[in-house]
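Chain naming here is simple, since letters A, B, ... match the order of the sequence lines and numbering starts at 1 in each. In this text, all values refer to a predicted model and were calculated from it rather than measured experimentally.
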Amino acid sequence: MRHHVILRVIAKLGIPFIVLFALYVQFHGDFGPGGGFQAGVIFGAAFILYALIFGLDNALEAAPMNVVVAFIAIGLLLFAGVGVAALLLGGNYLDYGALADDPVAGQHLGILLVELGVGITVAAVMIAVFFTFADRGR
Amino acid sequence: MLLAFLAVIALAIVRLRNLFGVVMLSGIYSLLMASIFVILDAVDVAFTEAAVGAGIATILMLGTLALTTSRERVPMHTPLLPLVVTFITGAMLIYGTWDMPAFGDAAAPPNRHVAPYYLERSLPETGVPNVVTAVLASYRGYDTLGELTVIFTAGIGVLLLLGRRRERGDGRATTRGSGA
């Protein structure tokens with residue numbers, strides 16, 4: 001789709017805002033609607049749009065496949081790791097209250113980290129699955 | 001009104017043989033579903049439905065169509081038995097809804113069990129104003145961890161089934177498309 005000037009310009013303008021919106025949804029999920037799942041999907045959609053407009057090779061340069069695959073595991077490990085950290089700090093598994101001196105602050109921190117883990121894995125899975133599909137079609 | 005649109009689109013999806021149109025219609029279906037969720041005050045669910053159902057799923061379906069074919073084959077057998085099974089299941093489901101409490105009924109069991117506790121205690125206990133986030137990430141942390149593991153497993157599964165290994169020689173890489 002390289003020759004579609006309008007699509008390329010609009011995508012180039014829009015993608016930074018899509019990524020910004022994904023980050024907003026990610027880190028504002030505890031105040032408004034949204035959270036890790038939605039943010040991950042929106043973040044992944046930005047990369048998918050980039051791959052659709054500018055071609056898979058350019059997208060793979062921006063997000064190499066082995067990095068994306070690594071992030072699939074990193075997100076899940078972050079989630080599970082928060083649970084283990086709570087365990088080591090004397091709480092139950094996934095009991096975020098133990099993460100900080102104040103239980104409420106610990107809960108807030110835990111929720112933030114866990115949502116981040118969800119977002120990372122979801123975004124990485126979406127990007128990886130799309131890249132795999134697109135790669136097969138060539 | 002939205003439900004009527006949903007029914008029309010569902011019928012159109014059943015009738016259409018052009019799979020490209022079917023994918024587009026299912027995207028519209030998801031978007032309508034998201035609007036209904038907004039009306040039902042389930043903004044988080046609507047968000048997910050719009051992003052996943054109307055966005056990513058449509059793209060992945062189109063990717064699948066690009067790999068396979070965009071015309072549905074005319075079925076060989078008559079659809080009588082599946083039709084009967086579907087009608088009986090649907091009738092039983094509708095019969096089941098008769099016993100359901102009215103929408104928003106405060107005395108309904110789901111609204112009296114743990115929901116009041118979450119609504120009252122989630123802000124002082126977690127410091128997170130969005131109850132949905134508090135329940136998903138904290139009170140139901142195990143469930144969310146399980147969901148994330150499902151996504152992880154699904155992603156790895158797709159990569160293993162469809163991913164092409166680059167370190168193999170070119171000779172064997174030409175066999176793509178024969179598997180899966």
Could you go through the side-chain contact (heavy atoms from CB on, under 4.5 Å) check for A/I42 and B/F47 one step at a time? CA-CA 10 Å; A/I42 296 171; B/F47 210 156; 3.7 Å; yes

Does the side-chain contact (heavy atoms from CB on, under 4.5 Å) test come out yes or no for B/L145 and A/L76, once each step is laid out? CA-CA 8 Å; B/L145 181 59; A/L76 187 62; 4.1 Å; yes

Worked verdict on B/V52 versus A/Q38 for side-chain contact (heavy atoms from CB on, under 4.5 Å): CA-CA 8 Å; B/V52 179; A/Q38 293 91 334; over 6 Å; no

A/F37 and B/T144: CA distance, side-chain angles, deciding distance, side-chain contact (heavy atoms from CB on, under 4.5 Å) verdict: CA-CA 10 Å; A/F37 279 101; B/T144 310; 4.1 Å; yes

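Cluster membership for B/L93 and B/M33, using ILVMFWY side-chain heavy atoms within less than 4.5 angstrom, is not shared. A/L77 and A/L87 fall into different hydrophobic clusters, where Ile, Leu, Val, Met, Phe, Trp and Tyr are joined by side-chain heavy atoms under 4.5 Å apart, directly or via other members. No continuous path of hydrophobic side-chain contacts links B/V38 to B/Y29 [ILVMFWY only; heavy atoms under 4.5 Å]. Placement of A/F54 and A/L52 within a single hydrophobic cluster is found when ILVMFWY residues are connected by side-chain heavy-atom separations under 4.5 Å, directly or transitively. By the criterion of side-chain heavy atoms lying less than 4.5 angstrom apart, applied directly or through intervening Ile, Leu, Val, Met, Phe, Trp or Tyr residues, B/M92 is not grouped with B/W98; the two fall into different hydrophobic clusters.
Within the 4.5 angstrom heavy-atom criterion, atoms from both the backbone and the side chain of A/A128 approach chain B. If you measure heavy-atom distances from B/A51 to chain A, the contacts under 4.5 Å come from both the backbone and the side chain. Contacts of A/I72 with chain B are made by both backbone and side-chain atoms, with heavy-atom separations under 4.5 Å. For a residue to count as touching a neighbouring chain, one of its non-hydrogen atoms must lie under 4.5 Å from one of that chain's; by this rule A/A105 does not touch chain B. For A/Y96, the part sitting under 4.5 Å from any heavy atom of chain B is the side chain, from C-beta outward, and nothing else. In this structure, no portion of A/F131 lies under 4.5 Å from any heavy atom of chain B. Proximity to chain A (any heavy atom under 4.5 Å) is shown, for B/L60, by both the backbone and the side chain. Using a 4.5 Å cut-off between heavy atoms, B/I151 touches chain A through backbone and side chain atoms alike.
In terms of non-hydrogen atom pairs under 4.5 Å with chain A, the most contact-rich of B/G155, B/S138, B/A66 is B/S138. Here B/A137 is the residue among B/A137, B/G55, B/A46 with the most heavy-atom pairs under 4.5 Å with chain A. Of the listed residues (B/V158, B/L136, B/T149, B/I56), the greatest number of heavy-atom pairs within a distance under 4.5 Å of chain A belongs to B/I56. For chain B, the option among A/T121, A/V122, A/V114, A/V69 with the highest count of heavy-atom pairs below 4.5 Å is A/T121.
At most 12 non-hydrogen atoms from other residues, nucleotides or ligands lie less than 6.0 angstrom from CZ of A/F71. By the neighbour-count criterion of 12 heavy atoms within 6.0 Å, atom OH of A/Y93 is densely surrounded, having more than that number from other residues, nucleotides or ligands. Shown here is A/Y24, whose OH atom has no more than 12 heavy atoms of other residues, nucleotides or ligands within 6.0 Å. Within 6.0 Å of CZ on B/F20 lie no more than 12 heavy atoms contributed by other residues, nucleotides or ligands. By the 6.0 Å contact criterion, CG on A/L13 is enclosed, its count of non-hydrogen atoms from other residues, nucleotides or ligands being greater than 12. Around CE of B/M24, the count of heavy atoms belonging to other residues, nucleotides or ligands within 6.0 Å exceeds 12.
When all heavy atoms of A/L94 and B/Y142 are compared, the pair lying nearest together is CD1-N, 3.8 Å. Counting all heavy atoms, side chain and backbone alike, B/L159 lies closest to A/M65 at CD2-CE, 3.7 Å. The minimum heavy-atom distance linking A/F31 with B/P129 is given by the pair CD2-CG, 3.3 Å. Contact record, B/A134 with A/I111: CA-CD1, 4.2 Å, taken as the closest heavy-atom pair. The minimum heavy-atom distance between B/G63 and A/F133, with the atom names listed, is C-CD2, 4.0 Å.
Considering CG of B/L161 and CZ of A/R136, their distance stands at 9.0 Å, rounded to 0.5 Å. Taken to the nearest 0.5 Å, the OG1 atom of A/T132 stands 7.0 Å off from the CG atom of B/L162.
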